[in-house]
Amino acid sequence: MKVLLNTSNVLLKMKKDLMSDSSNPYQSWPDFHKATIDEWNKSAKKSSPNDDPNQLGWNTPDDIHLKALYTQEDLVNTPFIGTLPGFEPFLRGPQSTMYAARPWTIRQYAGFSTAEESNAFYRKALAGGGQGISVAFDLPTHRGYDSDHPRVTGDVGKAGVAIDTVEDMKILFDQIPLDKVSVSMTMNGSVLPILAGYIVAAEESGVGQEQLSGTIQNDILKEFMVRNTYIYPPEPSMRIIGDIIEYTATHMPKFNSISISGYHMQEAGANQSLELAFTLADGKEYVKTALAKGMDVDGFAGRLSFFFAIGMNFYLEVAKLRAARILWWRIMKEFQPKNQKSLMLRTHCQTSGWSLTEQDPYNNIVRTSIEAMAAVFGGTQSLHTNSFDEAIALPTEFSSRIARNTQLIIQEETHITNVIDPWAGSYMMEKLTQDMADKAWEIIQEVEKMGGMTKAVQTGWAKLKIEAAAAQKQANIDSGRDVIVGVNKYKLDTDSQVDVRVVDNIQVRDNQIARLQQIKQSRDAHQVQQALDAITDAAEHQTGNLLQLTIAAIRQRATIGEVSDALEKVYGRHRADTQKVTGVYSAAYDSAQGWEKLQQEIAQFGEDHGRRPRVMIAKLGQDGHDRGAKVVATAFADLGFDVDMGPLFQTPDECARQAIENDVHAVGISTLAAGHNTLVPAIIKELQLQGGKDIVVFVGGVIPKQDYEFLYESGVKGIYGPGTPIPASAKDVLEHIRQAVEKNHP
């Protein structure tokens, strides 16, 4: 408050001095009437809804009222206005000069198919203006399975690059100078063998650990809330994180040991304040974990980094990043660091994938540009811009170039970088930043009362909060309350067709299996087993450093799956709770046209056939992105369906067995990881083999239009791509169930 008063006094004195200066050119300007806020309200009333200027604003998903007009009076409770960049509380940025001296790093997230193809993509991106590498791994790698494991048949190379051994890692970074190019790796479940593989690959190319720069995500708590690429339960997973922070602090001074990620929370449905609060609460939990190992806070805190999503709520996203720096400074003050760097929040950002639409996909270029601007105005340290075709399939080279050039144009052509924190002093932005900080702090305090974020995750509370927000958002879109151009308003008469990248999953898997067999035949099996046993022993007896032991195993050519199995012997595999929220979708959908009529039709089906229509919503393979599945399950239940949720990571055989045992009418497969052409025909085949041929199969998610015919020919009855209103899909599913029942029981 002292800062605010001092700043206001200085401004008033400057204004007074200016007006009394006889050389002031504005003294000759005509006087004008200084309107009061009451006069403005009276004038604005004439053109406001219901004669109320307050209704001109917007109630955000965070329950913050964004007003149509802000004035100097709104700055009364903004204590940090007037602070400077590079100084506490870092509201205006962690560096004094920010982009005026050095722009943010352009770091494009990519990985697909084989290590060879991904390597070629990275080298082209670096040559074309990229400034760092960000690696996307396929789902089997995330989940600690080698490519030859029977559970991953449809997933190898599909949503990222397949990595089984250090030899794959060496190919991935071939001819890329790892002592000069920073590498970010989005990895949490198999974080030990992946980080170890990167270290050993660098060593064998002549680059020491102390020279490596970049970030490993290593943020397991958010996986239990949203993305689900975990392997082990929360508590042993936290031990792994502590060991990585400890090892990197000692041996890798230029490397960020963790990227505390809110990105996937927003992608799963969290609003901005939930994303902000849970991310920072996760960060606090990781700090406490490192301190519990006896580390000095200044020995690791300066290498912690963050990762936020940037969606289409432009003002909120700018305010969120500014508020994040204030709140992290406040949190870290509790641990009494001596080094200023321990108080600074540094972040990578990525534009939203969820905001991209399948319908009229070229609109996505505009969306990504707007989101990129919000990240830059918020002061991000590095940025990935999504490609316009990512709501349909993996990005092509063409779409990736547009995404990268979006950042280059902002950096090189707009002169935005010449001004540090240009939103500073804005009545609206300063007030919104404080509102965002206050709202997030309330949630953080709620988490603290539960005993911290690990406890909040274990109880399922945090996950349900995000799922409720996701259901509410989807209902707002389906009812037309939230406009998505080209989806629920201003729709094209015909669908746009764009070229998409196609990955031959079978060929990639065959190649990976052949390479695995070759490596296993050429290595010393006895030394590998000794190294793996050492990992198991350390996990069981709480001794040693797991990353150090994993590096030793990877040097002997142990595989990703073997290292994961060595830990699984002690820790087991975590199984997610399949509970779902109820009532949220219907409450948000409200009285939109057709809702009650559809409920009545579903109730009538129950009367006609002795039970309500029963559907099972399932995820097959290693795709853990369950936002769509959970929202659909919630909405269908609110409409009156009986809804079962299959556990994550089912095989087609397991899914078919559960569907038949539960006597469902239909199975809905949610797919976001491009495995549908393999896994969906497999579930249909298993249903037929196991006696469930009458069960209707429908599919929803990211499915290119060119795959529709193949899926229909395989026996799928309904396909619902991104942007399909849930009531429309529900009505279609009900009709297919009715036809199947009447056909078999005329």
Side-chain angles (χ1 to χ4, degrees), residues 105-138 140-142 146-147 156-157 159-188 190-218 244 247-248 251-257 259 348 382 384 394-395 397 400 404 503 508 511-512 515-516 518-519 547 550-560 563:
T105 300
I106 298 173
R107 188 189 302 281
Q108 291 299 95
Y109 178 58
F112 41 82
S113 184
T114 63
E116 290 89 345
E117 285 195 51
S118 296
N119 172 262
F121 181 92
Y122 296 148
R123 286 161 59 190
K124 283 184 182 178
L126 290 169
Q131 297 154 356
I133 292 172
S134 187
V135 183
F137 298 95
D138 72 355
T141 304
H142 275 289
D146 289 333
S147 297
V156 178
V161 59
I163 299 292
D164 292 314
T165 71
V166 68
E167 294 300 327
D168 292 332
M169 197 70 83
K170 288 167 71 175
I171 295 168
L172 186 67
F173 296 120
D174 182 42
Q175 299 183 57
I176 294 173
L178 295 179
D179 55 339
K180 296 181 177 66
V181 175
S182 66
V183 175
S184 172
M185 292 177 285
T186 301
M187 177 51 66
N188 303 284
S190 295
V191 64
L192 286 170
I194 286 297
L195 181 53
Y198 167 65
I199 291 168
V200 174
E203 281 178 356
E204 296 185 4
S205 70
V207 179
Q209 297 178 29
E210 72 283 355
Q211 296 173 279
L212 296 173
S213 63
T215 305
I216 188 82
Q217 191 162 99
N218 193 27
I244 290 172
Y247 183 91
T248 53
H251 300 283
M252 304 172 71
K254 296 166 65 178
F255 196 80
N256 298 323
S257 57
S259 175
H348 172 71
S382 64
H384 165 90
L394 289 168
E397 190 172 321
S400 297
R404 183 193 66 236
V503 173
V508 174
N511 290 342
Q512 289 297 121
R515 190 178 291 163
L516 269 169
Q518 182 180 10
I519 289 169
L547 177 55
T550 302
I551 291 170
I554 293 295
R555 285 190 182 118
Q556 299 299 327
R557 274 29 188 189
T559 70
I560 302 297
V563 170

Side-chain heavy atoms of Leu195 within contact of Met185, under 4.5 Å:
yes
More than 12 foreign heavy atoms under 6.0 Å from CD of Glu210: is that the case here?
yes
State, to 0.1 Å, how close Ile199 and Ile551 come at their nearest heavy-atom pair, and which atoms those are.
CD1-CD1, 3.8 Å
Drop me the distance from Asp179's CG to Leu212's CG, to the nearest 0.5 angstrom.
8.5 Å
Taking the side chain as every heavy atom from C-beta outward, state whether Ile163 and Leu172 have any atom pair closer than 4.5 Å.
yes
Side chain to side chain donor-acceptor pair (under 3.5 Å) partners for Thr215, two or more places apart:
Asn256
Does a side-chain heavy-atom distance below 4.5 Å link Gln175 with Tyr122?
no
Taking all atoms of both residues into account, what is the closest heavy-atom pair of Asp138 and Gly157, and its distance?
OD2-N, 2.8 Å
Atom OG1 in Thr141, atom CE in Met187: separation rounded to 0.5 Å?
6.0 Å
Looking at Ser190 and Pro193, would you say the former's side chain and the latter's main chain have a donor-acceptor pair under 3.5 Å?
no
Is there a donor-acceptor pair under 3.5 Å between the side chain of Asn218 and the backbone N or O of Asn188?
no
With sequence neighbours left out, write down each residue that passes salt bridge (charged side-chain N to carboxylate O under 4.0 Å, His left out) with Asp168, or none if nothing qualifies.
Arg515
With the side chain counted from C-beta on, respond yes when His348 and Arg107 share a heavy-atom pair under 4.5 Å apart, and no when they do not.
yes
Near Glu116 CD, under 6.0 Å, is it more than 12 heavy atoms from other residues, nucleotides or ligands?
yes
Side chain to side chain contact (heavy atoms under 4.5 Å, CB included) assessment of Ser257 paired with Tyr247
CA-CA 9 Å; Ser257 57; Tyr247 183 91; over 6 Å; no
The salt bridge (charged side-chain N to carboxylate O under 4.0 Å, His left out) partners of Arg557 (sequence neighbours excluded) come to Glu167, Glu204
Is the shortest heavy-atom distance from the side chain of Phe255 to the side chain of Val183 under 4.5 Å?
no
Side chains of Thr165 and Ile560: closer than 4.5 Å at any heavy-atom pair?
no
Return the CD1 to OG1 distance between Ile554 and Thr559, rounded to the nearest 0.5 Å.
7.5 Å
Shortest non-hydrogen pair, Val563 vs Ala558, comes out as CG2-CB, 4.2 Å
For Leu126, which residues count as a side-chain contact (heavy atoms from CB on, under 4.5 Å) partner, sequence neighbours excluded?
Ile133, Ile176, Val181
Is the gap between the ring centers of Tyr198 and Phe173 under 6.0 Å?
yes
Do Met252 and Gln209 have side-chain heavy atoms sitting under 4.5 Å apart?
yes
Looking at every non-hydrogen atom in both residues, tell me the closest pair between Gly129 and Ile106 and how far apart they are.
O-CD1, 4.3 Å
Salt bridge (charged side-chain N to carboxylate O under 4.0 Å, His left out) filter on Lys254, not counting sequence neighbours, yields none
Please tell me if the side chains of Thr186 and Val135 come closer than 4.5 Å, counting only heavy atoms from C-beta onward.
no
For the residue pair Ala162 and Val156, what are the closest heavy atoms and their distance?
CB-CG1, 4.0 Å
Just by distance, do the side chain of Gln211 and the backbone of Gly208 share a donor-acceptor pair under 3.5 Å?
yes
Test your reading of the model: is there a side-chain donor-acceptor pair from Thr248 to the backbone of Ile244, 3.5 Å cut-off?
yes
OG on Ser118 to CZ on Arg123, rounded to 0.5 Å
12.5 Å
Rounded distance (nearest 0.5 Å) linking atom CZ of Arg404 with atom NE2 of His384:
12.0 Å
Please identify each residue that fulfils side-chain contact (heavy atoms from CB on, under 4.5 Å) with Ala201, with sequence neighbours left out.
Val166, Met169, Lys170
With no hydrogens and no angle check, do the side chains of Ser147 and Asp164 hold a donor and an acceptor under 3.5 Å apart?
yes
